[in-house]
Number of protein chains: 2
Amino acid sequence: MPDPSVPVQPVRAKLVDVAQAAGVSKATVSKVLNGRDLSVREETRQRVHEAARTLGYRPHSGARALAGASTHALALLVPALANPTYVTIARGAYQRARELGYLSLLAEDFDGQEADESFSELVQEGRVDGLLIASARPGHSLVDTVSRSSIPHVFLNRSVEGSGRNVTMDVARSSVTALDHLHSLGHRAIGHIAGPPGITPSDARKEAFLRHAGQLGLHAALVASGDFTEDGGVSATLQLLGAAKGGGPPPVTALYTSSLAQAIGAMGAIRSLGLRIPEDVSVVGNDDLPVAGHLCPPLTTVAMPLYDLGTTAVDALVAAIRGTPMGDIVVPTEPRLVSRGSTTAPGATP
Amino acid sequence: MPDPSVPVQPVRAKLVDVAQAAGVSKATVSKVLNGRDLSVREETRQRVHEAARTLGYRPHSGARALAGASTHALALLVPALANPTYVTIARGAYQRARELGYLSLLAEDFDGQEADESFSELVQEGRVDGLLIASARPGHSLVDTVSRSSIPHVFLNRSVEGSGRNVTMDVARSSVTALDHLHSLGHRAIGHIAGPPGITPSDARKEAFLRHAGQLGLHAALVASGDFTEDGGVSATLQLLGAAKGGGPPPVTALYTSSLAQAIGAMGAIRSLGLRIPEDVSVVGNDDLPVAGHLCPPLTTVAMPLYDLGTTAVDALVAAIRGTPMGDIVVPTEPRLVSRGSTTAPGATP
DNA sequence: TCGCCCAAGGAAACCGGTTGACTGGAGGTG
DNA sequence: CACCTCCAGTCAACCGGTTTCCTTGGGCGA
């Protein structure tokens, strides 16, 4: 039981309280605190800020939203929270939003209409000022809904062509980085495990892989698709290396995967075929998260600027909310190769 | 460019619009839609619902909150989103909240005061009706703030003694389950890698480990602490197995870790000492997430009801918001052993 | 027939901000 | 000296719901 001598509810200070304390009107306080009106004397401004501070004033978000101002909240929709990649993006977005004075809501797209609906509701209910959409797919009804509405929004990681609202990473570059690494080690037959077809980063990575493989003049450049999960990596790997079952040499000496989870699945599958990593097959994954360094062997990855993607997208969205017209943006941070034990020269001995 | 013949803004229907369409007053609509007033004829009730549906009416959350009603939103504070354990809990909470008509905000505690502040702000700003706190630590200022306030809240996974608001899992049972498994395989010297001291589930798991080890009459039951991360697992493992460096047999033949990440770190560390898994050292981790099955070797784990923890906590919180007094709750789902390749009899040959 | 009560629903006061129209007075101008 | 301008703020209407009383009409008992 709390001490009754202490006020249980420190009675939230309201705008009118601040006004009274500073000896001005509500209107003036509102203007000062929102930095909106320049025709207020410096001294008055000070008094208002002082009063607000000592009273611990916090504007009531509902009242604000109601009065037609902004809610100071954004919403981020990601395809799957189980995927640490999206979580990293979300963390970047969350942090940057905070820095800009926005609250960010995180929602997961459960592949059903549900998330779509609930996401639209956030807007309808006037809970948020803008949307960050990381799960756009062609035909996703949300994309339609949102583009014919006037609510500020940004597509994140997955792009909607012609929207002029895409914030992406240089995924093509990640394929080049991975291929260059493997090529310089001497690999000439390389396989790529792509993500599900139809998803922007997945397709872009695959195309860049094939293009650059051509430029390098590889003997073989095979591709198989799978979900971004461990299981997706397993099945795609078995597809690519299936021929090896007969005991012959694997058709490729290295694999480059589209996600970290796929790489983990791939490593298991490679071993289940009786092959060694990296002596028989080298593996490069995408997205450098802590777990990569603790696998057996430690996984070589291409580190993508996931966190930066989140921050950049929020910057763009907030700019859009404030009225600046935006265009497509590519996060400037370049993919970076993190070399570990899962890659070596083909045919190397342990 | 959107088709101009389609209204760009489908002009949100307001309460008054619904009232007009149904031929009643705002008051009546409000009562009907909130199921609050019984003195409305069934026929009128129908008309109101009908009108609301055809107009696609969505109440403005800000207006609602302002008028003194609830915001229909909860907030969940977790220690680290990078930890998939908490993400799983969050997903459960999110889903259940949705089912109950609540929106749930997810926030990460960055160990600084920041999250604390921003979490309190959520309340001050009238954005949420209740709090789910999964990062309570002794001395955490939020615990203080929140207990002397009158806002409904629940402590989740980590308990605050005497609060009568704790929702936890049977972590003691998880230690027993793991120990029984290892004991039945023949292990008599077992090590435990605990989480950071001072955190409820970490301490509880450790105590239960020592207690049950005593009951089983083990020759050795060693404990080392580390963060819930991979690195935490590495350092704790080196501490426990350090003696093995001399070439002698390891002081324990099995390790039981407090988190999945620790187990991954432990496996790497065991290998770096030149020991084999599971022949030299068996490993059991906590929390069964997809990645566990794809490690090398696949990891035996104790599956904890993380998702259920999230749903149960939301149930409890919503009940509290609605005025039902609550007490401490333990999620009824029992920890379950998932046996994989990382455990075998001690001294087994490959 | 009168009076009373209750069911069904309406009028209006709020909730706490924001915003554009408006005002009192100081200073400049012809 | 009358008039205009501009500065520094104030007034009051609104945003879209919720909730507290209040009205109204009809049924029923005496």
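Naming convention: chains lettered A, B, ... in sequence-line order (proteins, then strands); numbering from 1 in each chain.
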Completion exercise
Under a 4.0 Å heavy-atom cutoff, the residues of residues 14-25 of chain A touching DNA chain D are A:Val24, A:Ser25
Spacing of [X] atom [atom1] relative to [N] atom [atom2], expressed in whole Å:
X        : N      : atom1 : atom2 : result
B:Arg45  : C:dA7  : CZ    : P     : 14 Å
B:Arg127 : C:dG17 : CZ    : P     : 13 Å
B:Leu33  : D:dT18 : CG    : P     : 8 Å
B:Leu66  : D:dC14 : CG    : P     : 17 Å
B:His60  : D:dG16 : NE2   : P     : 7 Å

Handout entry: side-chain hydrogen bond (donor to acceptor under 3.5 Å, both in side chains) contacts touching residues 14-23 of chain B (sequence neighbours left out)
Key = none
Handout entry: Short side-chain donor-acceptor distance under 3.5 Å, B:Ser135 and B:Asp109
Key =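 A pair is found: one side chain offers a donor N or O, the other an acceptor, under 3.5 Å apart.
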Exercise for the section: Decide whether B:Gln95 and B:Glu99 meet the rule of one side-chain donor and one side-chain acceptor closer than 3.5 Å. Expected result: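 Looking only at side-chain atoms, B:Glu99 and B:Gln95 do not form any donor-acceptor pair under 3.5 Å.
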Hey, is the side chain of [X] poking within less than 4.0 Å of OP1 or OP2 on [N], counting only N and O atoms?
X       : N      : value
A:Arg12 : C:dC15 : no
B:Tyr57 : D:dG16 : no
A:Arg47 : D:dG9  : no
B:Arg64 : D:dG16 : no

What are the atom names and distances for every N/O pair under 3.5 Å that joins the protein to nucleotides 19-21 of chain D?
residue: D:dT19; atom: OP2; partner: B:Arg36; partner atom: NE; Å: 3.0

Problem - Which residues share a ring-ring contact (aromatic ring centres under 6.0 Å, His included) with A:His60, sequence neighbours left out - result: none
Exercise for the section: Report the residues that fulfil ring-ring contact (aromatic ring centres under 6.0 Å, His included) with B:Tyr57, sequence neighbours left out, ordered by chain and then residue number. Expected result: none
Fill in the blank from the handout: Axis-to-axis angle across the helix from C:dT1-D:dA30 to C:dG30-D:dC1, five pairs each end, nearest 10 degrees, ~ 60°
Exercise for the section: Could you tell me which residues satisfy salt bridge (charged side-chain N to carboxylate O under 4.0 Å, His left out) with A:Asp308, sequence neighbours excluded, listed by chain and number? Expected result: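 Partners of A:Asp308 by the salt bridge (charged side-chain N to carboxylate O under 4.0 Å, His left out) criterion come out as none, since no residue qualifies.
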Practice task
Kindly state each residue pair satisfying salt bridge (Lys or Arg N to Asp or Glu O under 4.0 Å) with at least one member in residues 50-70 of chain A, sequence neighbours excluded.
Solution key: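 For residues 50-70 of chain A: A:Glu50-A:Arg53, A:Arg58-B:Glu121, A:Arg58-B:Glu125.
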Practice task
Taking side chain to side chain contact (heavy atoms under 4.5 Å, CB included) as the test, write out the residues that go with A:Glu161, two or more places apart.
Solution key: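 Once residues adjacent in sequence are excluded, A:Glu161 has no partner under the side chain to side chain contact (heavy atoms under 4.5 Å, CB included) criterion.
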Partner set under side-chain hydrogen bond (donor to acceptor under 3.5 Å, both in side chains) for [X], not counting sequence neighbours:
X        : result
A:Thr88  : none
A:Thr71  : A:Asp129
A:Thr324 : none

Exercise for the section: Between C:dG9, D:dG16, D:dG9, spot the one nearest the side chain of A:Arg41, thanks. Expected result: D:dG9
